[in-house]
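Naming convention: chains lettered A, B, ... in sequence-line order (proteins, then strands); numbering from 1 in each chain. Keep in mind the model is a prediction, meaning the values are calculated, not measured.
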Protein chains: 2
Amino acid sequence: MAKQVVPETERRRRRPTRQGTVLSEKLIVRTALRMLREHGSTGLTARRLGAALGADPSTLYRYFAGLDDLTRAIGEELMGRALDTWTATGEWRSDLRALGRAVHASYLADPQAAVLTASRVTGRPREIAVDETILGILRGAGFPDADAVVVYHAFIDLTLAFAALDAGTLALTDEARAADEEMWRSTYAELPAGTHPHIAATARLLAGRMNHSAYPVVLDTLLNSAAEQLAWAHARRHPDPADT
Amino acid sequence: MAKQVVPETERRRRRPTRQGTVLSEKLIVRTALRMLREHGSTGLTARRLGAALGADPSTLYRYFAGLDDLTRAIGEELMGRALDTWTATGEWRSDLRALGRAVHASYLADPQAAVLTASRVTGRPREIAVDETILGILRGAGFPDADAVVVYHAFIDLTLAFAALDAGTLALTDEARAADEEMWRSTYAELPAGTHPHIAATARLLAGRMNHSAYPVVLDTLLNSAAEQLAWAHARRHPDPADT
DNA sequence: CGGTTAAGGTCAATAGTGTTGGCATAAGGG
DNA sequence: CCCTTATGCCAACACTATTGACCTTAACCG
């Protein structure tokens, strides 16, 4: 059984569960997100999700090919949320910055889910929509296709990579985070200047920095570099007589 | 049992296993890396590792507090390998670039292990050594402490984030990768120009790009930006009369 | 409406997982 | 050479994802 999953759009009969709830992909994904929030990034199990839905765990396999498939659907949901909070202004740089931050923020809003999904390509509609949007912004700004593709690649990978990394620290349980911070204080902050002069000298500054994400800083350097690249490409096509 | 683990340095008695092998932290970590390479990033299990070592699975708990602890030790091993392949030249930019690439390469050399460890801070000696080295390069180059900390933070997070992301695609089993690439061709490459004009227009270029890592490109933009920052900081302290 | 079909629910079972308490044996210090 | 105890093994527990068989009932067609 459960070999083939009926696509959500062709689903016809909706039999209520023994406990009364009527299932749907959306309900399952939303419940899964809640489970992740409540029980941590390893707390999403078929049994637990089934119990929360008032359904047998095996029922999930009528909607998803496996937990892996469900995971991709969760990622798609996060991408969709990011796209929904974003609006275009027409200025390519601020549009890209806003879009990157929206994706990053959307993942960080559900860190436990982000940990599971950020490094996976889903190939689902809203993810494709994000890609199309980014390429559209770049090409609309005048980037030659070859340059647009390079910037697009760096932009999307950078954003997802930081989403995964930053979500990782947020997703720790309170307990684990406390242990981590304690570890930090007891090792990094206490290193003797004799063996580790540079860490010792900057320990105070480090403590203030490491709590924040480096994503905004790196994103801006990428956008700056892209802007220069665009200027060159433009100059090459419309040479300024004063430059010769 | 297994509540407290004896530190490797204080280990005295080494009783051979029933099948003759003599255990050690190093041997366990190396064997774990092999298991990951052979069986994928989810293929490291206590039972399997025990079998490969010729020991009972529970014996592992005499060496590590849990599989989680073992995972951190694996990350530490990858960091150490990166540091071993790197040598300083004294030129801060090329040193940083080489170090970043060494870490990135070390993780990608064991992608399945990298997936498990790249987003975790171990706090172990060789990881700290890498941090100390980076800060040393930056401060030695003349970066004021505040700037050095910002660049350090961006540098290390960028490197680890891309290591995790890029390892993720490399770590897929041949089967899963084939499915992924097929998915890519059947969705992205086939999107009609009507609904997704920008992806359609650049599909060929994208296919060539997405196989490579965006890390080198982004790393260089970060180093360029840092160099400018350094020039400004330097100019502020030694104003050039010609600039006024 | 009434009959038929199969979607979509449940149940039970399989083969795996991390982890721990209890026990035994042999290594190495005194 | 004896004693202690570190370090190995065994058995058990409470989990996990997933599947095949079964059964109920929703929805379509005449």
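When the P atom of dT16(D) is taken as reference, atom CE of M35(A) falls 10 Å away, rounded to whole Å. D69(B) places its CG atom 14 Å from the C1' atom of dT19(C), with the value rounded to the nearest Å. In this structure, R48(B) atom CZ and dT19(C) atom C1' are separated by 18 Å, rounded to whole Å. Residue H39(B) contributes atom NE2, which lies 13 Å from atom P of dG16(C) at whole-angstrom precision. Rounded to an integer number of Å, the gap from OH of Y63(A) to P of dT10(C) is 10 Å.
Nearest nucleotide to the side chain of A46(B), out of dA17(D), dT20(C), dG18(C): dG18(C). Distance from the side chain of D56(B) is smallest to dC10(D) among dC23(C), dC10(D), dT19(D). Closest contact between the side chain of A55(A) and the listed nucleotides dA17(D), dT10(C), dG18(C) involves dT10(C). Counting only heavy atoms from C-beta on, L67(B) has its side chain closest to dT19(C) among dA21(D), dT19(C), dT7(D). Distances were taken from every side-chain heavy atom of Y61(A) (C-beta onward) to each of dT18(D), dT20(C), dG9(C); the shortest belongs to dT18(D). The side chain of L23(A) has dG9(C) as its nearest neighbour among dC11(C), dG9(C), dT18(D). Among dC23(C), dT10(C), dT16(D), the nucleotide with an atom closest to any side-chain atom of T45(A) is dT16(D).
In this structure, L49(B) reaches neither bases nor backbone, as no heavy-atom distance under 4.0 Å exists between it and the strands shown. Using a 4.0 Å heavy-atom criterion, one finds that L44(B) contacts the sugar-phosphate atoms exclusively.
Looking at R47(B), its side chain has no donor and acceptor atom pair within 3.5 Å of the base of dG16(C).
In this pair, H104(A) and Y215(A) present their aromatic rings parallel. The plane angle is below 30°, not in the 30 to 60° band.
For the residue pair D131(B) / Y152(B), a side-chain donor-acceptor distance below 3.5 Å is found, with atom types taken as modelled. No donor-acceptor contact under 3.5 angstrom links the side chains of T117(A) and Y107(A), judged on distance only.
Put simply, R62(B) has no side-chain N or O that comes within less than 4.0 Å of OP1 or OP2 on dG8(D).
Taking CD1 of I128(B) as the start and OH of Y188(A) as the end, the distance is 5.0 Å to the nearest 0.5 Å.
Checked by atom type and distance alone, the side chain of E76(A) never pairs as donor or acceptor with a backbone atom of R72(A) at under 3.5 Å.
For the pair T59(A) and D68(B), nearest-nucleotide mapping onto DNA chain C gives the more 5' position to T59(A).
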